[in-house]
Amino acid sequence: MSKPVKIDFVSDVACPWCAIGLAALERAMVDIGSDLQVELHFQPFELNPDMAPEGEAIADHLGRKYGLSAEQLAQNGEALRQRGEALGVRIDLQKRDRIYNTFDAHRLLHWTGEQGAAQQLALKRALLQAYHGEGRNVSDLDTLVDIAASSGLDAAEARRILETGTYAAQVREREHFYQQRGIRAVPSVILNDRHLVQGGQPPEVFEQALRQLAGISG
């Protein structure tokens with residue numbers, strides 16, 4: 001048996017490179033095969049913690065934040081779309097035109113993490129698809145409940161969590177934990193609490209790191 005590898009995937013739902021990075025990581029895991037044992041945990045990071053509930057147009061937000069022109073934004077968006085398409089990730093630039101606060105989405109992910117890795121992964125995939133592929137408002141309570149239900153989760157419990165602020169303190173603690181350890185950009189994929197793979201890397205980068213840590217020959 002291979003050595004188990006703990007993976008902490010620090011990311012934000014609103015980050016397209018996080019969607020690409022997760023797809024690349026999953027591709028690498030499939031390519032390695034059943035010999036690989038992993039413990040995958042999703043950890044919270046907010047790109048825009050002060051974002052208003054109604055969100056903001058992505059073009060306005062990125063233009064102000066990074067000083068990018070409309071042409072540069074279009075080029076970057078197309079590059080993202082193509083990278084995503086190669087990995088089976090849908091990034092619809094026509095629908096994904098606003099950016100939202102994602103704190104409540106992270107609260108739901110924390111909840112599912114307590115239920116199990118499979119449940120958390122299913123919700124993470126659903127949230128990424130809802131935002132990047134369908135342009136849905138992932139800060140809206142009803143939308144989040146619907147996404148949770150479509151992932152096989154208890155809709156009534158998801159609504160209770162969202163309405164009561166449950167897991168807010170735990171999510172803030174996790175965010176602070178990774179900020180204190182120097183995480184400033186996502187995705188940040190931490191392997192066995194000590195090895196960092198950062199950015200939307202191709203599957204080959206993840207595969208090499210996982211094989212080395214798990215003791216699986218290529």
Side-chain angles (χ1 to χ4, degrees), residues 8-22 41-68 73 76-77 80 84 89-114 119-151 153 155 157-180 183-188 200:
D8 287 295
F9 195 95
V10 187
S11 62
D12 193 7
V13 173
C15 165
W17 288 110
C18 295
I20 290 170
L22 177 58
H41 309 276
F42 292 101
Q43 306 292 354
F45 186 97
E46 290 179 82
L47 289 171
N48 303 285
D50 300 320
M51 181 65 65
E54 68 273 13
E56 183 181 10
I58 285 181
D60 294 340
H61 178 78
L62 295 180
R64 185 183 69 257
K65 189 173 183 178
Y66 300 111
L68 299 176
L73 288 170
N76 291 350
L80 277 170
V89 176
R90 181 185 175 199
I91 298 178
D92 191 323
L93 302 175
Q94 300 303 313
K95 293 180 179 178
R96 180 187 161 274
D97 59 355
R98 294 188 73 78
I99 194 162
Y100 299 101
N101 180 281
T102 54
F103 184 69
D104 286 342
H106 288 301
R107 289 199 291 124
L108 284 184
L109 283 164
H110 187 93
W111 166 52
T112 55
E114 291 190 344
Q119 291 91 330
Q120 194 180 43
L121 175 58
L123 180 62
K124 183 70 170 185
R125 287 172 173 163
L127 287 166
L128 291 169
Q129 169 62 25
Y131 176 64
H132 296 287
E134 301 165 13
R136 300 177 73 182
N137 180 353
V138 289
S139 68
D140 176 73
L141 186 149
D142 290 335
T143 299
L144 287 172
V145 170
D146 183 62
I147 295 169
S150 71
S151 303
L153 300 166
E157 180 63 7
R159 183 174 294 277
R160 185 196 67 80
I161 289 168
L162 292 169
E163 289 179 342
T164 59
T166 305
Y167 299 118
Q170 291 90 332
V171 170
R172 293 292 186 211
E173 186 277 327
R174 287 287 84 192
E175 289 180 332
H176 181 71
F177 177 88
Y178 288 103
Q179 289 167 4
Q180 289 295 102
I183 300 300
R184 298 287 182 269
V186 286
S188 289

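When reading the values below, keep in mind they use all heavy atoms of this one structure, side chains included, and skip hydrogens, waters and symmetry mates.
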Donor-acceptor contact present, side-chain [X] to main-chain [Y], <3.5 Å:
X      : Y      : value
Asp140 : Thr143 : yes
Arg98  : Gly55  : yes
Gln120 : Leu109 : yes
Asn101 : Ser139 : no
His132 : Arg96  : no
Asn48  : Asp50  : no

If every non-hydrogen atom of [X] is compared with every non-hydrogen atom of [Y], which pair is closest and at what distance?
X      : Y      : result
Trp111 : Ala158 : CZ3-CB, 3.8 Å
Leu73  : Leu62  : CD2-CB, 3.6 Å
Arg107 : Leu162 : NH2-O, 3.0 Å
Ser150 : Ile147 : OG-O, 2.8 Å
Tyr131 : Arg136 : CD1-O, 3.6 Å
Ala14  : Ile99  : CB-CG1, 4.1 Å

Salt bridge (charged side-chain N to carboxylate O under 4.0 Å, His left out) between Glu56 and Arg64, intermediate numbers included: CA-CA 11 Å; Glu56 183 181 10; Arg64 185 183 69 257; 2.6 Å; yes
Separation between [atom1] of [X] and [atom2] of [Y], rounded to the nearest 0.5 Å:
X      : Y      : atom1 : atom2 : answer
Glu175 : Gln170 : CD    : CD    : 12.0 Å
His61  : Asp97  : NE2   : CG    : 14.0 Å
Ser188 : Asp8   : OG    : CG    : 11.0 Å
His106 : Arg172 : NE2   : CZ    : 9.5 Å

When you compare the side chain of [Y] with that of [X], does any pair of heavy atoms fall below 4.5 Å?
X      : Y      : value
Glu114 : Tyr167 : yes
Thr102 : Met51  : no
Phe42  : Leu121 : yes
Glu46  : Phe103 : yes
Ile20  : Ile91  : yes
Leu108 : Leu144 : yes
Trp17  : Pro187 : yes
Lys124 : Ser11  : yes

side-chain contact (heavy atoms from CB on, under 4.5 Å) between Leu141 and Asp104, worked out: CA-CA 8 Å; Leu141 186 149; Asp104 286 342; over 6 Å; no
Candidate pair Arg90 and Asp92, rule salt bridge (charged side-chain N to carboxylate O under 4.0 Å, His left out), full reasoning: CA-CA 6 Å; Arg90 181 185 175 199; Asp92 191 323; 3.2 Å; yes
side-chain contact (heavy atoms from CB on, under 4.5 Å) between Val10 and Ile183, intermediate numbers included: CA-CA 8 Å; Val10 187; Ile183 300 300; 4.2 Å; yes
Steps toward side-chain contact (heavy atoms from CB on, under 4.5 Å) verdict (Gln43, Phe177): CA-CA 10 Å; Gln43 306 292 354; Phe177 177 88; over 6 Å; no
Full working for side-chain contact (heavy atoms from CB on, under 4.5 Å) between Gln179 and Arg184: CA-CA 7 Å; Gln179 289 167 4; Arg184 298 287 182 269; 3.9 Å; yes
